[in-house]
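Remarks on the structure that follows.
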Amino acid sequence: MTVTQLKAVPVPHSALDDIPPMVERLRATFESGKTRPLAWRREQLQGLRAYGKEQAERLAEALHADLNKPAMEAYAADIGQVSNEAKHALKNLAKWTKPERIGRMPMLGKSVLMRDPLGVVLIIAPWNYPVGLLLSPLVGAIAAGNAAVLKPSEVTAHTSAVLAETLPKYLDSDAITVVEGGVEETTTLLDQRFDHIMYTGNGQVGRIVMEKAAHTLTPVTLELGGKSPCIVDATADLETTARRIAWGKFMNAGQTCIAPDYVLVEDSVHDGLISALEKTVKQFYGNNPQETQDYARVVNQRHHGRLTKLLEGQEIAFGGKTDVDDCYIEPTVLKNVSVDSPIMKNEIFGPILPVLKIANVDEGIAFVRARDKPLALYIFSGEEDVAEKVLEETSSGGACVNGTIMHIGDARMPFGGVGESGMGAYHGRSSFETFTHRKATLRRGLRFDFKMMYPPYTKFLTNMVKKSV
Ligand code: NAD
């Protein structure tokens, strides 16, 4: 059986002239106060829950057409994350929005933190999880009481079209709108005034977004990528380690922002790990992964070309078959990789895993520290102290001990990068915080007024204040 061929479809576009008045319309809605009441926010979040349930199959079909995404990965990692986030927000909305009492300021009044919605926000999403990365941030934007413009990736055109067609049936179109398109449309959007921009994608475009946002002093959240390392020491259980690395790497054909990018393994278990990875990949995808429904494709021929070029001159431990017409690259592990080769320079973002030998964990730590701070870091070890040392001595957006990817699944934890892997964070309460302003508020009464504090200042007051310094 051959899997469905990825079909090229025309990139959907919104009319450029429609963009400025559309943003103004959303601003008018926000200014009217419509998006502030908790009832409105709940209704939209429930709309998103219903959307996930009722449109799951259509979205999964579109994801299959765009990426050959297995249904399980579509439901669990893409569509499912939106439902989970919306459920978590609905449960916690009252708690999050309640003004937070800080305490009393002696003789002055009560300090309280209020959470103001920001206004109209822009959410720009990439193609690898085109549903989840567009709508999970939206959960936070809605919970915070904002209006929002959603810009799905044009690269996954089937999914973009389904989102644009179906979302208005579930959400208030006066406040939430989808703009389809690519660079031109996103550029026109970035020329409008927003109150926050959340961008997920590569760092090059992240810089463009930040530069544009600087003109209007618009705050940005940048969810970027990078080379997320795995460090494996000699005490790690190799079978479990291989299973967890292979799962995190080859899911969505390696096109996951927190996929393990490369492995640094202690010399003594290098060969054992490679054998365990090979055995695992066979167990997951069979002898010919091109035939299974459970293995995705590279998103398009441009990325296929980029990835096959990275294979040139490399020593393939196993895998390595490619088929450009099917955008297929077999799950591939490389060994004896030079640190100076192109594959070790930029994020791979595909199903190719370089495995590099290290003498010990200290060498692994030094390797990671000498490079950009990654979005995720994975340490596999049977020794808790070793894992602790790696966590203490490295900096990364997030981390997982003896596992990959799963740290993203706890909605109570922030998800975001550091340094080159991004700025700001979201998920759960962090999304709500990202899309609100924390207004420091002092609440005073009018009955008591300490008149001595006003000019003309007495010598007594000046001395008293001086003593307190
Ligand atoms: P992409 O090509 O879909 O681009 C992302 C968005 O930017 C799209 O909506 C696109 O229309 C817009 N865009 C592209 N070029 C632009 C330009 N010149 N000006 C304005 N807008 C422009 O996706 P991508 O960047 O290829 O995504 C892959 C990258 O995203 C990887 O580096 C990956 O690690 C990263 N990523 C990060 C996260 C995270 O949560 N941190 C999640 C997923 C992907």
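Computed from a prediction, not measured in an experiment: that's the story for all the values here. Note that ligands are numbered from 1 as they come in the structure, with each ligand's atoms numbered from 1 the same way.
- Note that the OG1 atom of T200 and the CD1 atom of I123 stand 9.0 Å from one another [nearest 0.5 Å].
- Close approach of ligand 1 to T200 is summarised as follows: ligand atoms under 4.0 Å from at least one heavy atom of the residue are 5 (C), 37 (C), 38 (C), 39 (C), 40 (O), 42 (C), 43 (C).
- Residue contact check: I124 has heavy atoms under 4.0 Å from atoms 6 (C), 7 (O), 9 (O) of ligand 1.
- The distance from ligand 1 to the heavy atoms of E223 drops below 4.0 Å at these ligand atoms: 37 (C), 38 (C), 39 (C), 40 (O), 41 (N).
- At a 3.5 angstrom cut-off on N or O pairs, Y426 does not count as close to ligand 1.
- Under 4.0 angstrom from ligand 1, the non-hydrogen atoms of V205 all belong to its side chain.
- Inspection of the D172 and Q44 side chains reveals no N or O donor paired with an N or O acceptor under 3.5 Å.
- For E433 and R115, the salt-bridge test passes: some basic side-chain N is under 4.0 Å from an acidic carboxylate O.
- Geometrically, ligand 1 and L133 share no nitrogen or oxygen pair separated by less than 3.5 Å.
- The stretch residues 192-209 participates, sequence neighbours left out, in these salt bridge (charged side-chain N to carboxylate O under 4.0 Å, His left out) pairs: R27-D195, R193-D195, R207-E420.
- Closest to atom 25 (O) of ligand 1 among all protein heavy atoms lies N202 ND2, 2.6 Å.
- Looking at R58 and E54, no side-chain N of the basic residue comes within less than 4.0 Å of a carboxylate O on the acidic one, giving no salt bridge.
- Salt-bridge check for D174 with K34: passed, with a basic side-chain N closer than 4.0 Å to an acidic carboxylate O.
- Nearest protein neighbour of atom 36 (N) of ligand 1, counting heavy atoms only, is C257 CB, 3.5 Å.
- Every pair passing ring pair (Phe, Tyr, Trp, His ring centres under 6.0 Å) that includes a residue from residues 116-137 is listed here, sequence neighbours excluded: W127-H303, W127-F349.
- Under the 3.5 Å distance criterion, with hydrogens and angles disregarded, no donor-acceptor pair is assigned to the side chains of H304 and N300.
- For atom 27 (O) of ligand 1, the closest non-hydrogen atom on the protein side is P126 CB, 3.5 Å.
- Remark: ligand 1 and W127 share an N or O pair separated by less than 3.5 Å (distance only, no angle test).
- Checked by atom type, the side-chain pair E291/Y285 shows no donor-acceptor distance below 3.5 Å.
- Among protein heavy atoms, the minimum distance from atom 37 (C) of ligand 1 is reached at L224 O, 3.1 Å.
- Near G225, meaning under 4.0 Å from any of its heavy atoms, are these atoms of ligand 1: 34 (O).
- With no hydrogens or angles considered, a side-chain donor-acceptor pair links S136 and Q81 at under 3.5 Å.
- Close N/O approach between L375 and ligand 1 is not found [any backbone or side-chain N/O within under 3.5 Å].
- The shortest separation from a heavy atom of Y129 to ligand 1 is not under 4.0 Å, leaving the residue out of contact.
- Nearest to atom 40 (O) of ligand 1 among the protein's heavy atoms is F415 CE2, 3.2 Å.
- Interface of F349 with ligand 1, defined as ligand atoms under 4.0 Å from a residue heavy atom, comprises 28 (C), 31 (C), 33 (C), 34 (O).
- Among the atoms of E347, some N or O lies under 3.5 angstrom from an N or O of ligand 1.
- By the neighbour-count criterion of 12 heavy atoms within 6.0 Å, atom CZ of R369 is sparsely surrounded, having that number or fewer from other residues, nucleotides or ligands.
- For atom 10 (C) of ligand 1, the closest heavy atom belonging to the protein is E154 OE1, 3.4 Å.
- For ligand 1, the atoms closer than 4.0 angstrom to any heavy atom of G201 are 25 (O), 27 (O), 29 (C), 30 (O), 35 (C).
- Every atom of ligand 1 is numbered from 1 in the order shown, and the set under 4.0 Å from a heavy atom of T186 is 11 (O), 20 (C), 21 (N).
- At under 3.5 Å, not a single nitrogen or oxygen of H303, backbone or side chain, sits near a nitrogen or oxygen of ligand 1.
- More than 12 heavy atoms of other residues, nucleotides or ligands shown are found within 6.0 angstrom of CD on E393.
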* Do K439 and L113 pass the side chain to side chain contact (heavy atoms under 4.5 Å, CB included) test, and can you show the C-alpha distance, the side-chain angles, and the key distance before you say yes or no? -> CA-CA 6 Å; K439 185 159 71 182; L113 266 190; over 6 Å; no

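- For the pair R297 and Y295, the NZ or CZ position fails the cation-pi test of under 6.0 Å to the six-membered ring centre and within 45 degrees of the ring normal.
- The shortest contact between atom 7 (O) of ligand 1 and any protein heavy atom is with Y199 CE1, 3.4 Å.
- Distances between N or O atoms of A125 and those of ligand 1 include at least one value under 3.5 Å.
- Around atom NZ of K169, more than 12 heavy atoms belonging to other residues, nucleotides or ligands sit under 6.0 Å away.
- With ligand atoms numbered from 1 in the order given, ligand 1 contributes 43 (C), 44 (C) to contacts under 4.0 Å with heavy atoms of N128.
- The N/O atoms of S153, backbone and side chain alike, include one that comes under 3.5 Å of an N/O atom in ligand 1.
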